[in-house]
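Throughout, residue positions are numbered sequentially from 1 according to the sequence presented.
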Amino acid sequence: MKQKPIIGLTTELKNDIDGKCVLTNYPYVDAILQAGAVPLLLPITEMPQMTLDCLNVLNGIVFIGGEDIAPHFFGENPHPKIHEVCIERDKSELALFHAAYERKIPMLGICRGMQLFNIALGGTLYQDIFSEKNDIMAHVSPSTLEEGFHQIKLEEDGFLYRIYKESTLFVNTYHHQAIKAMGRDLKISARAYDGIIEAIETTTDRILLATQFHPEQMIYKRKELLKIFEYFIGKIAL
């Protein structure tokens, strides 16, 4: 039987009635399973050796969405409209990214994950696009993330265009932050019609892909969004 890739899946850190817990939304797990790989949830940790031990068994990593990233990680003071942050998670994921990047482990970022990639590579964010940028359209789906809400424009040399062979894609949206200055060795793969960056990828020989929207939430009603996970996993050499 052919070995399936093992894909690390980052987690959120929450305070529950029983104390701290790590968790992830199930559609991330389901998308990885449906795309033909094995998901492995990664704990939030500031223990460097544990991070390295995790990487020893992984063929790729998906960085999930979640809280805002604390702005001091990209050299700014907090904007009045910053939302919830988790410093422990920020430190853990940045350490995980840098260790995986050094080893050239394939990575896919979703929403916060895309923003984290950009920060890790020296870029910055709009801390609140609605107050920092003019002529912004809605970027929070009003009802469900399982359906699309707005179109994005795909760059012809980008991974989304390679997947769909179309100039546009109908996607969901759920964010108030976005990439401002691009990090090193990254290029834009898609934009919303108001200019907000919706997908990026690396310009190096690494496998580093990311979307601002949430394809994992759409796989139940828009099966074609699973292709993003299939494309990522298909790039992984065992």
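Remark: the backbone N or O of Ala181 is paired with a side-chain donor or acceptor of Thr124 at under 3.5 angstrom. With hydrogens and angles disregarded, a donor-acceptor distance shorter than 3.5 Å links the side chain of Thr202 to the backbone of Asp185. Side chain of Asn172 to backbone of Glu146: no donor-acceptor contact under 3.5 angstrom is found. A side-chain donor-acceptor contact under 3.5 Å links Ser141 to the backbone of Thr173. The closest donor-acceptor contact from the side chain of Arg206 to the backbone of Tyr101 lies under 3.5 Å. Although no hydrogens or angles enter the test, the distance criterion places no donor-acceptor pair under 3.5 Å between the side chain of Thr24 and the main chain of Thr11. In terms of modelled atom types and a separation under 3.5 Å, the side chain of Asp194 and the main chain of Met137 share a donor-acceptor contact. A donor-acceptor pair under 3.5 Å links the side-chain atoms of Tyr28 to the main chain of Gly65, judged by distance alone. Looking at Glu230, its side chain never comes within 3.5 Å of a backbone N or O of Gly36 through a donor-acceptor pair. Between the Lys223 side chain and the Tyr220 main chain, no donor and acceptor come within less than 3.5 Å of each other.
Using a 30° and 60° split on the angle between ring planes, His139 and His150 fall in the perpendicular class, above 60°. Note on ring orientation: taking the six-membered ring where Trp is involved, the planes of Phe97 and Phe63 are perpendicular (angle over 60°, cut-offs 30° and 60°).
Nearest heavy-atom pair across Ile163 and Lys227 is CG2-CB, 3.7 Å. Residue Ala31 comes nearest to Glu216 through the heavy atom pair CB-CB, 4.2 Å, listed as atom of the first residue, atom of the second, then distance. Between Ser189 and Ile200, the shortest heavy-atom contact is OG-C, 3.4 Å. The nearest pair of heavy atoms linking Gly148 to Met218 is N-CE, 3.4 Å. For the residue pair Asn59 and Lys4, the shortest heavy atom distance occurs at OD1-O, 4.4 Å.
Side-chain contact check for Ser131 and His79: at least one donor-acceptor pair (N or O, by modelled atom type) lies under 3.5 Å. Looking at His175 and Gln177, their side chains never bring a donor and an acceptor atom within 3.5 Å of each other.
Summarising the local packing, CG of Asn77 is surrounded by 12 or fewer heavy atoms from other residues, nucleotides or ligands at distances under 6.0 Å. Residue Met50 qualifies as open at atom CE: its count of foreign heavy atoms under 6.0 Å is 12 or below. Atom CZ of Phe73 has more than 12 neighbouring heavy atoms from other residues, nucleotides or ligands inside a 6.0 Å radius. More than 12 heavy atoms of other residues, nucleotides or ligands shown are found within 6.0 angstrom of NZ on Lys180. Other residues, nucleotides and ligands contribute more than 12 heavy atoms inside 6.0 Å of the NZ atom of Lys133. Shown here is Asp135, whose CG atom has no more than 12 heavy atoms of other residues, nucleotides or ligands within 6.0 Å. Glu102 CD: 12 or fewer foreign heavy atoms inside a 6.0 Å radius.
Clustering ILVMFWY residues whenever any of their side-chain heavy atoms sit less than 4.5 angstrom apart, transitively, puts Ile44 in a cluster other than the one holding Leu94. Ile179 and Phe213 fall into different hydrophobic clusters, where Ile, Leu, Val, Met, Phe, Trp and Tyr are joined by side-chain heavy atoms under 4.5 Å apart, directly or via other members. One hydrophobic cluster, built from ILVMFWY side chains closer than 4.5 Å, holds both Ile219 and Ile233. The cluster map of Ile, Leu, Val, Met, Phe, Trp and Tyr, joined by side-chain heavy atoms under 4.5 Å apart, puts Phe159 and Ile7 in the same cluster. Residues Ile6 and Ile236 do not share a hydrophobic cluster, clusters being chains of Ile/Leu/Val/Met/Phe/Trp/Tyr side chains in contact below 4.5 Å.
Comment: Asp157 engages Lys187 in a salt bridge, judged by a side-chain N to carboxylate O separation of less than 4.0 angstrom. Salt-bridge check for Glu93 with Arg112: passed, with a basic side-chain N closer than 4.0 Å to an acidic carboxylate O.
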Go through it in stages, so that I can follow the logic: the residues are Leu209 and Leu160, the test is side chain to side chain contact (heavy atoms under 4.5 Å, CB included), and I'd like the CA-CA distance, side-chain angles, deciding distance and then a yes or no. CA-CA 10 Å; Leu209 312 170; Leu160 290 176; over 6 Å; no
Side chain to side chain contact (heavy atoms under 4.5 Å, CB included), that's the test. Do Asp68 and Leu125 meet it? Break it down for me. CA-CA 10 Å; Asp68 291 351; Leu125 300 179; over 6 Å; no
Go through the steps to decide whether Thr211 and Ile110 satisfy the test side chain to side chain contact (heavy atoms under 4.5 Å, CB included), and finish with yes or no. CA-CA 5 Å; Thr211 67; Ile110 296 172; 4.2 Å; yes
Take Ile197 and Gln212 through the test side chain to side chain contact (heavy atoms under 4.5 Å, CB included) and record every step on the way to the result. CA-CA 7 Å; Ile197 296 170; Gln212 183 60 64; over 6 Å; no
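Residue Leu40 is tested with Leu58, Val29, Leu9, Ile32 for a side chain to side chain contact (heavy atoms under 4.5 Å, CB included); the sole match is Leu58.
Looking only at side-chain heavy atoms (C-beta outward), Ile228 and Tyr164 come within less than 4.5 Å of each other.
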